[in-house]
Amino acid sequence: MEKLIECIPNFSEGVDLSIIKQITDQIESVDGIKLLDVDPGKATNRTVVTFVGNPQAVVEAAFLGIKKASELIDMSKHKGEHPRMGATDVCPLVPLSNITVEETVKYANQLAARVGKELSIPVYMYELAQSDPKRNNLSVIREGEYEGFFKKIKKAEWKPDFGPAEFSVRSGGTVIGVRDFLVAYNVNLNTTSVRRANSVAFDIRERGREIVDEKGNKKVVPGTLKSVKALGWFIEEYGQAQISMNLTNINVTPVHIAFEECCKKATERGMRVTGSEIVGLVPLQTLLDAGKFFLQKQQRSIGVSEKELVHIAIKSLGLDELGKFDPEKKIIEYQMRKAADKALQNLTIEAFADMTASESPAPGGGSISAYLGALGAALGAMVANLSAGKKGWEEKLGEFSAFAEKGQKLKERLLKLVDEDTNAFNRIMAAFGLPKSTEGDKLARKEAIQNATRGAIEVPFTVMQKSLEAMQLAKAMAEKGNPNSVSDAGVGALCARSAIMGAHLNVKINAGGVEDKAWIAKLLTEADKIEKDALKLEKEILAQVDKVISKS
């Protein structure tokens, strides 16, 4: 999975939309960035922009947005209801997918250093990016706002983390940091009573409720869930009350745990949860984790497809009670996907075969090899799931569920490689089509061809690696799995073996075009070993399959 960061810069302009458009145009100009939302407010004279991308793209897009804002917004003339200290008042980065907080902090520092140096804007770090607890709170940093910062910045304790200790009259200062992903999540109740909804909200929220004991002393009884803010309200549009929550750290309290706790506390108070809704977008992992959680509650294997996990999550959480929940619009990673990423995967098997048989050179042997590997992994996952559900094998559920989950991951990766192989071929063709009129053109073309050729080798080599893992899964299923499905394990092994041999051909045919002889020699040696291991595995697996079949 690609590393993804969400960025939510707040710009001190909410009236002149042409200014905001110029800023967001700069953000969108960066390849790898998806603009998700632009939310201007006239009263606050402030616009909240949300975009997502890979780490380096986010740093570049955020810098360009901050730069354009410093050019267009004059803070000496700014008025608005919201506290502010600069043209880009605050710019938080949020780790979304396949990236840690620590890594995200490094990118936040990289952005802040560049803003301070190249734009001469004083920058303060906050929340998870600030090591000093005395100045990690945004409201503490911003105290005094734009007007008061000309004196505040001269105090030793308020020297900026990056940039000059001079407050810019035009652009002010900015605050850059890292915070956890926040999910706005509402749980629906079968009541119209705000008081009863609040009682559940106070039961679960971290700060709990304040009570008075029999002696008249006040004390706080904390709620059951950490990193949760909650209250009850009535939604006239729906004709029912909700528990409205902000899940401020979904690693501490994920959506499915919040839902389950609401169900428990509502039941204790004579109510029932009827469904829930997610406000805004969520990371894919949020729903995958929820899907696995509810499958485990049903004592079923979690080794099902990504699509099935998302479906289970939607139905279990009741996310479609108040309206259609469209994963393509609500899941951040799906919003980020480009049509070309799954062009071949989205074809029917007939259309895929027809395209392969056409006069077009792609998809070719590389994509077919990846697809064979995916089928091999899929058959391994199937045998694991059938074994997990076999009557009398209940004690083996966890073991086979883990096998099935591994098979699903291999299948998903190999399916992606179906498109990646064709895209790699297209990049080679594009590189050869580059101009070669000048010496500079020739050098750029040569470099592009070398990079594209390496990519066209690395993709099938990855197919070989993942298909070997699929063969190892098939071997485990032939030895341990449901004997009634042992032939499926054998077919899976044959598919994966063919994938390895086919991908090896693609590695070798492109190897001659690589100038880095040391790199290609090492990779060819590794590829040879993978094929030898695969052929050895094939014999072992087929011998085991024949052994089981002969006993049946």
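- Annotation: K229, atom NZ; neighbour count of heavy atoms from other residues, nucleotides and ligands within 6.0 Å does not exceed 12.
- The closest donor-acceptor contact from the side chain of K117 to the backbone of F162 lies at 3.5 Å or more, if one exists at all.
- Interatomic distance, D289 CG to N251 CG, rounded to the nearest 0.5 Å: 9.0 Å.
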Report task. Give the intermediate values and the outcome of side chain to side chain contact (heavy atoms under 4.5 Å, CB included) for residues W158 and I141. Result -> CA-CA 8 Å; W158 285 109; I141 296 171; 4.1 Å; yes
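- Considering only heavy atoms from C-beta on, L417 comes within 4.5 Å of L414 through its side chain.
- Remark: the backbone N or O of E412 is not paired with any side-chain donor or acceptor of E306 at under 3.5 angstrom.
- The CG atom of N188 sits 9.5 Å away from the CG atom of L319 when rounded to the nearest 0.5 Å.
- Rounded to the nearest 0.5 Å, atoms CG (L284) and CG (L287) are 7.0 Å apart.
- The closest donor-acceptor contact from the side chain of Q56 to the backbone of V58 lies at 3.5 Å or more, if one exists at all.
- Separating the CD atom in E308 from the CD1 atom in I302 is a distance of 13.0 Å, to the nearest 0.5 Å.
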Query raised in the report: Are D39 and T50 close enough, and set up right, to give a side chain to side chain contact (heavy atoms under 4.5 Å, CB included), and what steps lead you there?
Result: CA-CA 9 Å; D39 186 12; T50 306; over 6 Å; no
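- In the displayed structure, R196 atom CZ is contacted under 6.0 Å by at most 12 heavy atoms of other residues, nucleotides or ligands.
- There is a side-chain donor-acceptor pair under 3.5 Å between Q130 and D161.
- Under a 3.5 Å cut-off, the side chain of E6 and the backbone N or O of V52 do not form any donor-acceptor pair.
- The shortest non-hydrogen separation linking A69 to A87 is O-CB, 3.7 Å.
- Taking the side chain as every heavy atom from C-beta outward, V94 and I5 never approach each other to under 4.5 Å.
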Query - Chi angles and distances behind the side chain to side chain contact (heavy atoms under 4.5 Å, CB included) call for C262, I204 - result: CA-CA 7 Å; C262 285; I204 66 167; 3.6 Å; yes
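- Looking at N45, its side chain never comes within 3.5 Å of a backbone N or O of S12 through a donor-acceptor pair.
- The neighbour count for R207 CZ, taken as heavy atoms of other residues, nucleotides or ligands under 6.0 Å away, does not exceed 12.
- Residues forming a side chain to side chain donor-acceptor pair (under 3.5 Å) with D441 (at least two apart in sequence, or on another chain): T438.
- Not counting sequence neighbours, Q26 has no partner by the side chain to side chain donor-acceptor pair (under 3.5 Å) test.
- A donor-acceptor pair under 3.5 Å is absent between the side-chain atoms of S316 and the main chain of A313, judged by distance alone.
- Under 3.5 Å, the side chains of E103 and T100 contain a donor-acceptor pair of N or O atoms.
- Ion pair K297/E260 flagged as a salt bridge, since at least one NZ, NE, NH1 or NH2 atom sits closer than 4.0 Å to an Asp/Glu carboxylate oxygen.
- A distance-only check finds no donor-acceptor pair linking the side chain of E60 to the backbone of A57 [under 3.5 Å].
- To the nearest 0.5 Å, the span separating NZ on K324 from CD1 on I314 amounts to 10.0 Å.
- Looking at W519 and R454, their side chains come closer than 4.5 Å, going by heavy atoms from C-beta outward.
- Partners of E405 by salt bridge (charged side-chain N to carboxylate O under 4.0 Å, His left out), not counting sequence neighbours, listed by chain and number: K292.
- Counted by atom type alone, D74 and S76 present one or more donor-acceptor pairs between their side chains at under 3.5 Å.
- A 6.0 Å sphere centred on NZ of K330 holds more than 12 heavy atoms belonging to other residues, nucleotides or ligands.
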Show every donor-acceptor pair shorter than 3.5 Å between a side-chain atom in residues 215-226 and any protein atom, with sequence neighbours excluded, or say none if there are none.
unit_1 : atom_1 : unit_2 : atom_2 : d
T224   : OG1    : E261   : OE2    : 2.9

**Report entry** E143 vs K152, side chain to side chain contact (heavy atoms under 4.5 Å, CB included): CA-CA, chis, key distance, verdict
**Finding:** CA-CA 9 Å; E143 187 176 348; K152 183 175 181 178; 3.9 Å; yes
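- Within the structure, the ring-ring contact (aromatic ring centres under 6.0 Å, His included) test picks out no pair touching residues 25-47 (sequence neighbours left out).
- Side chain of R209 to backbone of S199: a donor-acceptor contact under 3.5 angstrom is found.
- A 6.0 Å sphere centred on CD of E236 holds no more than 12 heavy atoms belonging to other residues, nucleotides or ligands.
- The main-chain N or O of E147 is never found under 3.5 Å from a side-chain atom of E145 such that the two would form a donor-acceptor pair.
- In this structure the side chain of V183 never reaches within 4.5 angstrom of the side chain of N246, judged on heavy atoms.
- Looking at residues two or more places apart in sequence or on another chain, you find no side chain to side chain donor-acceptor pair (under 3.5 Å) involving N54.
- Considering only residues two or more places apart in sequence or on other chains, R46 meets the side-chain contact (heavy atoms from CB on, under 4.5 Å) condition with N10, T44, H82, R84, D89, V90, R142.
- F63 meets the ring-ring contact (aromatic ring centres under 6.0 Å, His included) test with no other residue; sequence neighbours excluded.
- Here R427 pairs with nothing under the side chain to side chain donor-acceptor pair (under 3.5 Å) rule; sequence neighbours left out.
- Residue pairs meeting the ring-ring contact (aromatic ring centres under 6.0 Å, His included) criterion with at least one partner in residues 227-266, sequence neighbours excluded, are H256-F293.
- In this structure, E447 places its CD atom where only 12 or fewer heavy-atom neighbours from other residues, nucleotides or ligands lie under 6.0 Å away.
- D180 is not listed as a side-chain neighbour of T248, based on a closest heavy-atom distance of 4.5 Å or more.
- A donor-acceptor pair under 3.5 Å is absent between the side-chain atoms of S168 and the main chain of I121, judged by distance alone.
- Salt bridge K416/E420: absent, no basic N to carboxylate O contact under 4.0 Å.
- Between K68 and D25 there is no salt bridge, since no side-chain N of the basic residue sits under 4.0 Å from a carboxylate O of the acidic one.
- Taking the side chain as every heavy atom from C-beta outward, L4 and N98 never approach each other to under 4.5 Å.
- Taking CD1 of I331 as the start and OG of S97 as the end, the distance is 11.5 Å to the nearest 0.5 Å.
- Every residue meeting the ring-ring contact (aromatic ring centres under 6.0 Å, His included) condition with F149, not counting sequence neighbours, appears here in chain and number order: Y124, F167.
- Ion pairing between a basic and an acidic side chain is recognised when a charged N comes within 4.0 Å of a carboxylate O; E71 and K67 show such pairing.
- Residue-environment remark: CD (E166) stays at or below the threshold of 12 foreign heavy atoms within 6.0 Å.
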Kindly list each side-chain donor-acceptor pair under 3.5 angstrom involving residues 272-283, sequence neighbours excluded, with atom names and distances?
unit_1 : atom_1 : unit_2 : atom_2 : d
T274   : OG1    : Q240   : NE2    : 3.3
T274   : OG1    : E321   : OE1    : 3.1
T274   : OG1    : E321   : OE2    : 3.0
S276   : OG     : Y185   : OH     : 2.8
S276   : OG     : L317   : O      : 2.7
E277   : OE2    : N186   : ND2    : 3.1
E277   : OE2    : Q242   : NE2    : 3.0

